[in-house]
Amino acid sequence: MADVAHQFGVVYRAATGKVPDGDALNAKLRQLFVRKKDEVKSYVRNAVGKITLSMEIWESASGHAYLLIAAHLLTDTWDPVRFLLDCLLISPDVKEEVVREMLIAVLEDYQCVDKILAISTIDEQTAARVGTAEALASKAVHLYQTYVEQHGGPEVAKVSCIGSGLGHCVEPALNLATEQVDKIRRFLKVLLNNGKFSELRNEAHLCLLDYHELKLDSPSVWTSTVAMLDSAVKMRVVIDKIVAQQNEGVCNAVTPDDWIVMEFVLELVSNYHLAAQDVGKTDYPALSIALPLLEFLTLNLKTQKDRSDIPAWVRKLASDMLQRTDAVLRSIQTDVYYHGTILDPRHKLTTIPATVNRHIVEDSLRAAFSRYLIQANGPTPTVGSLPAGDTAATTAAPLTNGTGTGGTATTTATPPSTSSATYRAGSLMSAILKKNQAATASLPQLDELNQYLNTSVEVPDADPLRWWENYRKVYPNLAQMARDYLAIPATAVPSPQLFVKERAAGKWRNRLDVEEVSLYVCLKSWVDVDFGHGTSTQAANVITIKRETRA
């Protein structure tokens, strides 16, 4: 992504031969901001289908807190696109009610209140244990859901970040291994400080061992800690040898008991690490990844806690992790996750957890799909709203036997009755019949869903977005529903990492005041999206400077 402030400085200096002062920088950025925001508003307003949001509280390096609200959707060519709607400065003691009102104001500004399908934040368990700033977004979403329900708006689902959920599950294990983690960190820091990091590779070569790169972890990123421990255990012989060669007191020896703790901890958390890697393999993980991953982790821990060949403390640890994992799994057993999973052609109904009543899930999916049919074809008539004239009665075969393998709907036309018993237009029975006829007339379209569910799943490495792009004409109505649900990310997309790179901005970024950071961050999100087509693009020379005439 092009850096807006830096780009402005380069273009300005090339055109004028001068370094832009603060006023020139701010004025030009504001001008660009107004133009781009109008483009974003138009794009959101005209977007077909639903939009998913992600909300996050970001704290800048200067210590100021901002509410970042990002939009996620799929383009006409089934390409994911995401961008900020706003970056709002908030006070340190802001309440969740205020954050909710800020969200409402943003959605009203973009005229997209009725388009929101889901909002993604950190998971419930993480929100309950982290600081108030990080939990604000999650609490505000709950308040917003209540607000929408009270005002009769379309239901808005809450999506939990699977990444933070996995971190919540492994926390007991990493807390138990705190001492061992600290020893490995100190060992690596000693090698770094003494310029002897290459000794690891050399010693591995001398010991005829495969070299596994050891990297100092980032304490706030649990996956990096697990990776560090995993490499350390694989390099145990080398580490013990180097520690033994160090002067006494330089670094504490890792004892045999320490290695045992690390090995058992890794046995419990390794699958979580693999799950996090699966999520991280793509820049846009599908919602369908969450349910099967967490069910697998739950079943695996149930096996671990019942083993008789491991120490009691390991079984206790497995039980603690199982309790957390089961809680995360239960928290995502909601319609939005079921629908997102089934609409992924790699999954369909095959990975719905065995403990879930599939009849209820299918009924929910069909109800949601029927709403898409109504949007596409118009609402069915009600008793108080009669179509003019009489139509032929229709009957339809059942669509499903409750297991997702129902027959094909058919319609049979009946000639208009000529007897004296013909119901006169406007009668109650006439209204009821016409309502049923209108409803059954749309049933053949429901066969899209039956046909989709009754075909085999795709191979695991299939791209669900490309699949739907290819089959959108086969399932025209279902494709629109899939387009909405597959746009929901499985993670609360790390907006700061995507849209905020303070170091890259250099001195240009440092010239912006607190309020102008919001402007700057939004622009960094917008300049790489062609809102005329809804595609990502590397914008070049988005800021134009009028060349000054030199004497």
Side-chain angles (χ1 to χ4, degrees), residues 123-126 129 160-178 180-181 212 222-234 236 256-281 285-334 337-338 341 344 346-358 361 457 460-461 490-491:
D123 69 286
E124 296 297 322
Q125 291 72 26
T126 302
R129 65 182 172 83
S160 300
C161 172
I162 187 176
S164 61
L166 293 173
H168 171 74
C169 296
V170 303
E171 188 178 39
L174 295 181
N175 285 344
L176 186 143
T178 297
Q180 291 73 29
V181 170
H212 297 274
W222 69 269
T223 51
S224 68
T225 302
V226 173
M228 182 184 71
L229 289 181
D230 183 60
S231 295
V233 168
K234 291 174 180 176
R236 172 179 177 176
D257 286 343
D258 289 331
W259 290 115
I260 291 174
V261 170
M262 285 189 281
E263 287 170 354
F264 276 120
V265 165
L266 284 171
E267 187 174 351
L268 293 179
V269 305
S270 59
N271 283 327
Y272 290 83
H273 189 226
L274 291 174
Q277 288 178 323
D278 281 346
V279 173
K281 282 180 181 178
L287 195 66
S288 58
I289 198 172
L291 284 170
L293 275 181
L294 283 164
E295 185 185 31
F296 168 79
L297 294 172
T298 300
L299 295 175
N300 181 68
L301 281 176
K302 286 180 179 179
T303 302
Q304 293 284 356
K305 78 178 184 65
D306 294 333
R307 287 174 56 184
S308 59
D309 60 333
I310 58 177
W313 67 266
V314 181
R315 293 196 297 272
K316 173 62 167 58
L317 181 59
S319 181
D320 292 343
M321 291 178 60
L322 174 60
Q323 185 177 5
R324 292 190 176 212
T325 307
D326 191 54
V328 174
L329 176 59
R330 289 198 307 271
S331 73
I332 66 171
Q333 288 180 338
T334 60
Y337 280 91
Y338 295 145
T341 300
D344 187 325
R346 300 170 300 175
H347 297 271
K348 298 186 179 179
L349 289 166
T350 62
T351 55
I352 297 298
T355 56
V356 174
N357 187 320
R358 294 195 178 188
V361 172
V457 296
D461 59 350
T491 59

Quick check: closest heavy atoms across [X] and [Y], and the distance to 0.1 Å?
| X | Y | answer |
| --- | --- | --- |
| Arg324 | Pro172 | NE-CG, 3.6 Å |
| Leu166 | Tyr272 | CD2-CD2, 3.8 Å |
| Ala173 | Val269 | CB-CG1, 3.5 Å |
| Gly163 | Thr491 | N-CG2, 4.3 Å |
| Ala286 | Ala490 | O-CB, 3.3 Å |
| Val457 | Arg346 | CB-O, 3.8 Å |

According to salt bridge (Lys or Arg N to Asp or Glu O under 4.0 Å), who are the partners of Lys302, at least two apart in sequence or on a separate chain?
none
Surrounding CD of Glu263 (heavy atoms of other residues, nucleotides or ligands, distance under 6.0 Å), is the total greater than 12?
yes
State, yes or no, whether a side-chain contact exists between [X] and [Y] at a heavy-atom distance under 4.5 Å.
| X | Y | value |
| --- | --- | --- |
| Val226 | Val265 | no |
| Leu268 | Leu301 | yes |
| Cys169 | Leu297 | no |

Contacts of [X] that satisfy side-chain contact (heavy atoms from CB on, under 4.5 Å) - sequence neighbours left out:
| X | result |
| --- | --- |
| Ser270 | none |
| Thr334 | Val336, Tyr337 |
| Glu267 | Phe264, Gln304, Arg307 |
| Pro292 | His347, Thr351 |

Check each of Leu294, Val361, Thr355 against Gln333 using the side-chain contact (heavy atoms from CB on, under 4.5 Å) test, and report the only one that passes.
Thr355
How many angstroms lie between [atom1] in [X] and [atom2] in [Y], if you round to the nearest 0.5 Å?
| X | Y | atom1 | atom2 | answer |
| --- | --- | --- | --- | --- |
| Arg330 | Thr325 | CZ | OG1 | 10.5 Å |
| His168 | Ile162 | NE2 | CD1 | 13.5 Å |
| Leu291 | Ile332 | CG | CD1 | 4.5 Å |
| Ser224 | His273 | OG | NE2 | 8.0 Å |
| Met262 | Met228 | CE | CE | 9.0 Å |
| Leu322 | Leu299 | CG | CG | 9.5 Å |

Those residues that, when tested against [X], pass side-chain hydrogen bond (donor to acceptor under 3.5 Å, both in side chains) (two or more places apart):
| X | answer |
| --- | --- |
| Lys305 | none |
| Asn300 | none |
| Glu295 | none |
| Asp230 | Lys234 |

Hey, mind stepping through Trp313 and Leu176 against side chain to side chain contact (heavy atoms under 4.5 Å, CB included) and telling me if it holds?
CA-CA 10 Å; Trp313 67 266; Leu176 186 143; 3.7 Å; yes
Residues that Trp259 engages under ring-ring contact (aromatic ring centres under 6.0 Å, His included), provided they are two or more places apart
none
Below 4.0 angstrom, N of the basic side chain to O of the carboxylate: do Asp320 and Lys316 qualify?
yes
